[in-house]
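Remarks on the structure that follows.
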There are 2 protein chains.
Amino acid sequence: MTDSLQCKVMSAEEAATLIQNGELIGVSGFTLAGYPKEVPKALAERGKALREAGVDFKVSLFSGASTGDECDGNLARAGILDWRMPYQSNPSLRKAINDGSVRYLDAHLGCMGPMVRSGALPHPTLAIIEAVAVTPDGRVYLSSSGGNSATYLALADKIILEINSLYGDAFLGFHDTFVPALAPFAKPIPILSAGDRVGEEFVRVDPSKIIAIVHTDRADSVNSFSEPDPTSKIIAGQILEFLHHERKKGRLPEGLPYQSGVGNVANAVLCAMANDPLQGCISLYTEVIQEAVFTLLEAEKLKGASGTALTFSTAAQKLFKTNVNSWKKRFVLRQQEVSNSPEVIRRLGIISMNTALECDIYGNVNSSHVSGMSIMNGIGGSADFARNCALGFFMTPSTAKNGAISAIVPLVSHVDHTDHDTMIFVTEQGLADLRGLDPITRAHAIIDHCAHPHYRHLLNESLNFSLRFSKGKHLPLSLEQVFDMHLRFMKTGNMAEDNFETFI
Amino acid sequence: MTDSLQCKVMSAEEAATLIQNGELIGVSGFTLAGYPKEVPKALAERGKALREAGVDFKVSLFSGASTGDECDGNLARAGILDWRMPYQSNPSLRKAINDGSVRYLDAHLGCMGPMVRSGALPHPTLAIIEAVAVTPDGRVYLSSSGGNSATYLALADKIILEINSLYGDAFLGFHDTFVPALAPFAKPIPILSAGDRVGEEFVRVDPSKIIAIVHTDRADSVNSFSEPDPTSKIIAGQILEFLHHERKKGRLPEGLPYQSGVGNVANAVLCAMANDPLQGCISLYTEVIQEAVFTLLEAEKLKGASGTALTFSTAAQKLFKTNVNSWKKRFVLRQQEVSNSPEVIRRLGIISMNTALECDIYGNVNSSHVSGMSIMNGIGGSADFARNCALGFFMTPSTAKNGAISAIVPLVSHVDHTDHDTMIFVTEQGLADLRGLDPITRAHAIIDHCAHPHYRHLLNESLNFSLRFSKGKHLPLSLEQVFDMHLRFMKTGNMAEDNFETFI
């Protein structure tokens, strides 16, 4: 670092004083990877103190996706967040959104960058980005996520960098920063296979925009990886069996890359692949690279992994650092509009696996809103993949809350994915291949194969009521009773009828 | 035509005898353009006679999109249709779907071709395709639509061609047949501007698969173009005003191509552009080229038009034939997976305008199902464009059936487009720009700007009820009362309360 940058080094508290009321801040970070940790914490403290002193102080936050508690949690608890996009998963922030104190807008993660650049969304005034290094001529080497960092760095007038020394040189050479031009200047994104590198290893910024550099060695605070539970293992087994079946039928070519959503079920599928003797070496073209890749690496089944975030627990981060030089060439981290690009997902023929919150008997999926009202996290990148993949799975255990909630319902209380965009539903009960099925056939397939047996009679009762009510119409639906299971849950805490005991 | 093809020439009735019970037929045709007319009619008569004689006879039908009454109407009335995909607009067929006698599956029009080729949907056993010419070595020159004809011709074992002499040489040189390879062999679709030609002017087939050639001179039966009504003109005016506003704000570059849905409102917008002195020359990269292009051509405002169908009334067909040589170079007809390609739509930065059946206060759109049950036509290509465009409008008059139906509702009874995929709502009442708005702000914007004043109090009442019920949750929604307006309509024929007179 030269003098010109050296003189920008300061404490997080000093950096926080450079942030004004009303700023729109674009931060790095995607699924708890590579988010700024020090300045948001100091900003929360400063903002809280100002507000307690009666001074107006609020900021808005654009990110890649979810950030850690140091960022989203602190800002939410300080009460200084006004507007937040496009994704979060923090309990304090979720609470603030669901008590109406933070305005939140859930958006496709692959669309956020272009919408900000085009002006459809406002430009951030300030970028706070975690990096592992910066050069005097303004090359910023990002840390464990790509996110929308290149866009925020390009558009913001002011930049605060958090240089994280924890990673050492581990992330140098990891990133492939390519930001597609907008129409009318857009060209094809030149990615033809999952591992293709088409950009630079760093983000170029105007060094004069850097107003502060803060040093840290704080790790991403990612929860430890839990071993797949029995339900997840059954779901994973069914997906693998189906993939073999499709290959045998000639409907699935070898070598298509996988996208795997976040969470235990998704991890279980990758682990099952590592252990399946019929499964060859795979590529991932995904959003979040979770630590199940280690299992694949150990089994010598990982050809390569492309994503926008490396979401590893502290233990996995250590393992990764130890082996980074031998593994590095198999990983590439992209900006999220490229990891989630509809163009590339369609071209590569991705096999997509995402988790559903609830699925209805017509094929619609709710990924985000409990009882249609309370946001959990958001749609994330699930629709970028589900809408454009070659083969798509939505996975969920058939029940939640010890059986009080059926994940299969007559009509989802919130639609994130319409029946046009869903192909295969999988629960631990079974798998329903919905491709080519009309609504009534689809309803029977989902009830018979995916619903928990305890809920099948209620779902059939609802379907039969709708069939009578709608007198053969294309989509049998009785608006009057279609949410009865949801309403019963809200009243009694159980979707099943009163005389049903919680059965698990 | 050489002897080898000449000997395949026969009457439609003879050709129909070559069709077996249980066939899956892939037909040409998109939005009443370029569909087979003679053989389906003869097939319907044959099938009906067989069924009346107690012989099982049913066929399934894949198309581009909607076909004319000669095809969809006759087959539906004969009662010989089993399964139908991916779109229709015929009254007899609609009735058959909504009385449960035809299994119908509504799908994204841009996805149908690849799904059939990949085997996600079955391959047609027979293709019946309208063409203007065929050569001995199997070059088939399509007529007024591209649709999925190249896919069906490639996959079906048997081909029946209807050679339509009405068009003369008019359509030679019109088509650009490019069928993208599937993964893992897919490459970027090399279209960089709306008029780019990247394929061949014909479809190559194996001539030995041609089992019949039927001659016809029957025209596409497209309704006459109606002059824009006052409501459509107001909607069009608002869209133009908004486009100017966005350009002035620097959020909309010059020269982005337009997609315009089917129908009077869409036609009105193009006519308004022709008459707007502030509007320069435009390109269309659309699905259906409707006759509003003539108004643009006359005003010297059409740079070029790319689509998959030329849907012209008989009068417009004549006008077109007369001027075809001077206009030809400005038109290109593609296969529908290219006209509707997410990759190309995103790259070109399309401005998309589609009609909604109903919109809800959260930003979801229903394009297809009345009261959530009865299919009208289908989603068509609206989601191919809405999901991938640079700027997207959903347009609808604020009321239907003389005011008995509000097009703005508390929750749509069927979701075709989720709030993540909608940007601007426009009715004759006004325009709501939903980009970046959280659910509650969005609800107020839609009620205040788009709803008819007679329905605003009901919508606000519903929103307020939901706000109280959901106690500040991210998305205020009361599942118990959210369909009250729909239910009242089903009971009383009016969405408004009993003491409301039909007000228009």
Side-chain angles (χ1 to χ4, degrees), chain A residues 97-100 103-108 115 118-121 182-184 186-188 190 192 249-251 253 255-256 342-343 346-349 364 369 371-375 379 383 387-388 390 413-416 418 420 435-438 441 470 472-477 479-480 483 486-487, chain B residues 97-100 103-108 115 118-121 182-184 186-188 190 192 249-251 253 255-256 342-343 346-349 364 369 371-375 379 383 387-388 390 413-416 418 420 435-438 441 470 472-477 479-480 483 486-487:
Chain A
I97 294 169
N98 284 319
D99 71 18
R103 292 186 297 138
Y104 179 60
L105 182 55
D106 177 32
H108 298 304
M115 283 192 81
S118 74
L121 293 170
L182 293 176
K187 297 272 179 300
L192 299 180
K249 289 268 178 192
R251 292 195 287 243
L256 300 186
E343 172 182 338
R346 219 166 260 263
R347 184 181 305 143
L348 300 185
N364 303 293
H369 284 75
S371 302
M373 299 185 292
S374 303
I375 189 99
I379 191 170
R387 173 80 173 87
N388 297 292
S413 57
H414 179 86
V415 180
D416 287 305
T418 75
H420 310 91
R435 295 173 298 173
L437 303 187
D438 64 280
T441 316
S470 62
K473 298 282 192 308
H474 178 241
L475 204 149
L477 182 70
L479 296 179
E480 200 152 3
F483 289 135
H486 290 92
L487 292 168
Chain B
I97 294 168
N98 284 319
D99 71 17
R103 291 185 298 138
Y104 179 61
L105 183 55
D106 178 32
H108 298 304
M115 284 192 80
S118 74
L121 293 170
L182 292 176
K187 298 271 180 300
L192 299 180
K249 290 268 179 191
R251 292 195 287 243
L256 300 186
E343 172 182 337
R346 218 165 260 263
R347 185 181 305 143
L348 300 186
N364 303 294
H369 285 75
S371 303
M373 298 185 292
S374 304
I375 188 102
I379 192 170
R387 173 80 174 87
N388 296 293
S413 56
H414 179 87
V415 180
D416 287 305
T418 74
H420 310 91
R435 294 173 298 171
L437 302 188
D438 65 280
T441 315
S470 62
K473 299 282 191 310
H474 178 241
L475 204 149
L477 182 69
L479 296 178
E480 199 152 4
F483 289 135
H486 291 92
L487 291 168

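Letters A, B, ... mirror the listed sequences (proteins, then strands); counts begin at 1.
Of the two parts of A:Ile97, the backbone and the side chain both hold a non-hydrogen atom closer than 4.5 Å to a non-hydrogen atom of chain B. Contact of B:Leu479 with chain A is made through backbone and side chain together, with heavy-atom distances under 4.5 Å. For A:Leu487, the part sitting under 4.5 Å from any heavy atom of chain B is the side chain, from C-beta outward, and nothing else. Contact of A:Pro253 with chain B is made through the side chain alone, with heavy-atom distances under 4.5 Å. With a 4.5 Å cut-off on non-hydrogen atoms, A:Leu121 touches chain B through its side chain but not through its backbone. Proximity to chain B is limited to the backbone of A:Ala107, based on heavy atoms less than 4.5 angstrom apart. Only the backbone of A:Leu348 comes within less than 4.5 Å of a heavy atom of chain B; no side-chain atom from C-beta onward does. Contacts between A:Asn388 and chain B at a heavy-atom distance below 4.5 Å involve the side chain alone, from C-beta outward.
The CG atom of B:Leu437 lies 8.5 Å from the CZ atom of A:Arg103; values are rounded to the nearest 0.5 Å. Considering CG of B:Leu475 and NE2 of A:His369, their distance stands at 4.5 Å, rounded to 0.5 Å. Remark: B:Glu480 CD to A:His486 NE2 distance equals 13.5 Å, nearest 0.5 Å.
Residues A:Ala120 and B:Arg251 approach most closely at N-CD, 4.4 Å, considering heavy atoms. Closest heavy-atom contact between B:Leu477 and A:Gly372: CD2-O, 3.6 Å. Of all the heavy atoms in B:Met373 and A:Ser470, the pair that sits closest is SD-CB, 3.2 Å.
When A:Ala383, A:Ala390, A:Gly436 are compared by the number of non-hydrogen pairs under 4.5 Å with chain B, A:Gly436 comes out ahead. Among B:Arg435, B:His414, B:Met115, the residue with the largest count of heavy-atom pairs under 4.5 Å with chain A is B:Arg435. Among A:Gly100, A:Ser371, A:Pro342, the residue with the largest count of heavy-atom pairs under 4.5 Å with chain B is A:Pro342. Per-residue counts of heavy-atom pairs under 4.5 Å with chain A were compared for B:Leu182, B:Leu192, B:Thr441, B:Asn364; the largest is that of B:Leu192. Your options are B:Pro184, B:Gly255, B:Gly349, and the one with the most heavy-atom pairs under 4.5 Å with chain A is B:Pro184.
The pair B:Arg347-A:Glu343 meets the salt-bridge criterion, since a charged nitrogen lies less than 4.0 angstrom from a carboxylate oxygen.
Note on ring orientation: taking the six-membered ring where Trp is involved, the planes of B:Phe483 and A:Phe483 are parallel (angle under 30°, cut-offs 30° and 60°).
Applying the side-chain contact (heavy atoms from CB on, under 4.5 Å) test between A:His420 and each of B:Asp106, B:Val415, B:Leu105 identifies B:Asp106 as the sole match.
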